Number of protein chains: 2
Amino acid sequence: MTNAQTEEEFLSKYNLKDYPSVGVTVDLSVFTIRDGELSILLIERGGHPEKGKWALPGGFVETTEDLFTAASRELEEEVGLTLDESYLEQLQTYGNPNRDKRGYIVSVAYVALVPHISGVTAGSDANNAHFFNVDEVLSDDFELAFDHRQIITDGLERVRAKIEYAPIAHHFLTDDVFTMSELRKVYETVWGVDLTPSNFRRKVQSVKGFVETVKASAKSNRQPALYKAGDAEVIYPPLQRGGIS
Amino acid sequence: MTNAQTEEEFLSKYNLKDYPSVGVTVDLSVFTIRDGELSILLIERGGHPEKGKWALPGGFVETTEDLFTAASRELEEEVGLTLDESYLEQLQTYGNPNRDKRGYIVSVAYVALVPHISGVTAGSDANNAHFFNVDEVLSDDFELAFDHRQIITDGLERVRAKIEYAPIAHHFLTDDVFTMSELRKVYETVWGVDLTPSNFRRKVQSVKGFVETVKASAKSNRQPALYKAGDAEVIYPPLQRGGIS
DNA sequence: TCAAAAGTGTTGACTCTACACCCATGT
DNA sequence: ACATGGGTGTAGAGTCAACACTTTTGA
């Protein structure tokens, strides 16, 4: 218990003026492909609200940093990956007044695509951090903290939709050079479909700037050609979900 | 100046616990079509920060309401339109620490599409409310408050992209029955292109659930056929920006 | 030598654009 | 009657899915 003070001192201390103040967190849906399965990083909550449940990594934004900066800081703290090695974009903001028992806490959700890494560093207020199969996480009997089921559902749909028209799928790959099969398997895993290899390659190569050939194959197979990401910012015309019939 | 109190009372009063508190606003990009021009609602700021500049309508969220609810409340307060008469979706959240001189204030931006209405009710802290041509607003010599130029730019791109694949263009129209020409003119105005009437109609009608015929034309023209929005949630395959070559 | 994976070629179905053309009505 | 705008028909270009086929190497 502290001493008595004037309201003005508190307003200054908490950076309050004439508007209501709320808590703002960033929460990350960190997707990766692990053993051919689309997976997401969850952290077992160690702190009070929702203690013991699995939750998205994240934390409160500091009032000196941009939201994107806060998200990339969390990514580095909780996953140990820098922006160079991953992809990060804002998803949506969630602000139902009942979503957090501590009060009115708004969550700015981000989606990250990262290559699979074995060692995940658990955050300070977390007991445990682990990658889970996404389908498993979204099944009915998997208990998630807060409204994180909704955030994950939205994030998954964003990823599935966005790789259609944005060249970001390669962020799932460990190396920055890759084969056409590796790239195709990313799409097959994320969409949960089979794609015809020949048509996939043709489509990818027909989009200017999607991939660049690094090393041609030794005439053909068993030493497959290597590619790296090109400089295109959009895939046009987009790839199509759905796969073979 | 108030009396001395304990910190706990303040923490309770301001709903603070062990996390930093920030201000959260919702800001609306309200688009309409006025005299064949894509227009956006701006309000001349009457209050302190950025006083006299034009800004997006919006305000602080109350800690008892959902973000979407806050946005629709602002829409009703500042434009006088209900959700039934308009379209509202979350755009993105902006949280640069320097974006507002009052402190760390995060803005959750929404985009609204509304039919053109003549009387716009100015909010309490506003001198003046007015619809402006979007191109004029985004020209270099138009002074906007905060980071609202960026928000408007992002909102405009969202609208231009979204009408390709979501059946929301009809929210720009005053009546809920409309002619094919009226719908086409919405697309032409938003995209700033000319579209071939015949192909546009064929495309629209080929998408199941995009529009329903309300009244067939009196065999053909001068009493054009009337349509209303169908029950489709997406336009697939999407319409294409670009128009005639 | 055979299986597996890379990569090419081809065909039929579908789609889109451009443009010609027809139709009905208000003036 | 004719200009105007709604609406239909169609030919050519392009795209896509499916699938057969060739090539190369590891086992």
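All of these numbers come straight from a predicted model, not from anything done at the bench. Only this structure's heavy atoms are used, side chains among them; waters, hydrogens and symmetry mates stay out.
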#### Entry: Carboxylate-amine/guanidinium contact B:R73 B:E76, below 4.0 Å
no

### Query
How far apart are the C-alpha atoms of A:R241 and A:E157, what are their side-chain angles, what is the distance that settles it, and do they pass the salt bridge (charged side-chain N to carboxylate O under 4.0 Å, His left out) test?
CA-CA 12 Å; A:R241 249 187 281 196; A:E157 178 52 29; 3.3 Å; yes

### Out of D:dT8, D:dA17, C:dA6, whichever nucleotide has its closest atom nearest the side chain of A:Q240
D:dA17

### Task
With B:N199 as reference, evaluate B:R202, B:K203, B:R201 under the side-chain hydrogen bond (donor to acceptor under 3.5 Å, both in side chains) test and give the passing residue.
B:R202

### 5' precedence on DNA chain C between A:T179 and B:P238 (nearest-nucleotide basis)
A:T179

### Message
Going by ring pair (Phe, Tyr, Trp, His ring centres under 6.0 Å), name the residues that satisfy it together with A:F210, two or more places apart in sequence or in a different chain.
### Response
none

### Query
A:R201 side chain: which of D:dG7, D:dC16, C:dG7 is closest?
C:dG7

### Length of the CZ-C1' vector between A:F178 and C:dA5, whole Å
18 Å

## Note on the structure
note: B:L195, atom CG; D:dG7, atom P; distance rounded to Å ~ 16 Å

#### Entry: Non-hydrogen side-chain atoms of B:K53 and B:R45 separated by less than 4.5 Å
no

### Query
Please give, in whole Å, the distance from C:dG7 P to A:M180 CE?
7 Å

### Query
Any side-chain heavy atom of A:F68 within less than 4.5 Å of one from A:Y110?
yes

### Query
What is the distance from OH of B:Y236 to P of D:dC16, rounded to the nearest Å?
10 Å

For residues 228-239 of chain A, please give each side-chain donor-acceptor pair under 3.5 Å, one per line with the distance, not counting sequence neighbours.
{"residue": "A:K228", "atom": "NZ", "partner": "A:E212", "partner atom": "OE1", "Å": "3.4"}
{"residue": "A:Y236", "atom": "OH", "partner": "B:Q240", "partner atom": "OE1", "Å": "2.7"}

For residues 148-156 of chain A, which side-chain N or O atoms pair as donor and acceptor with protein atoms under 3.5 Å away, sequence neighbours left out?
{"residue": "A:H148", "atom": "ND1", "partner": "A:L56", "partner atom": "N", "Å": "3.0"}
{"residue": "A:R149", "atom": "NH1", "partner": "A:L138", "partner atom": "O", "Å": "3.1"}
{"residue": "A:R149", "atom": "NH1", "partner": "A:S139", "partner atom": "O", "Å": "3.3"}
{"residue": "A:R149", "atom": "NH2", "partner": "A:F142", "partner atom": "O", "Å": "2.6"}
{"residue": "A:Q150", "atom": "NE2", "partner": "A:D154", "partner atom": "OD1", "Å": "2.9"}
{"residue": "A:Q150", "atom": "NE2", "partner": "A:D154", "partner atom": "OD2", "Å": "3.4"}
{"residue": "A:T153", "atom": "OG1", "partner": "A:R149", "partner atom": "O", "Å": "2.8"}
{"residue": "A:D154", "atom": "OD2", "partner": "A:Y94", "partner atom": "OH", "Å": "2.5"}

### Query
When you measure from every atom of DNA chain C, which of residues 181-190 of chain B have a heavy atom less than 4.0 Å away?
none

### Query
In whole Å, what is the span from the CZ atom of B:F200 to the P atom of D:dG7?
12 Å

#### Entry: Between the first and last five pairs of the helix from C:dT1-D:dA27 to C:dT27-D:dA1, the angle of the axes, rounded to 10 degrees
10°

## Note on the structure
A:R241 atom CZ is separated from D:dC16 atom P, nearest whole Å, by 17 Å

Polar atoms only, N or O, under 3.5 Å: list the protein pairs with nucleotides 19-21 of chain D and their distances.
{"residue": "D:dC19", "atom": "N4", "partner": "A:S198", "partner atom": "OG", "Å": "2.9"}

### Task
Decide yes or no for B:H170 and B:Y227: does some side-chain heavy atom of the first lie under 4.5 Å from some side-chain heavy atom of the second?
no

### Query
Between atom CZ of A:F132 and atom CG of A:L38, what is the distance when rounded to the nearest 0.5 Å?
14.5 Å

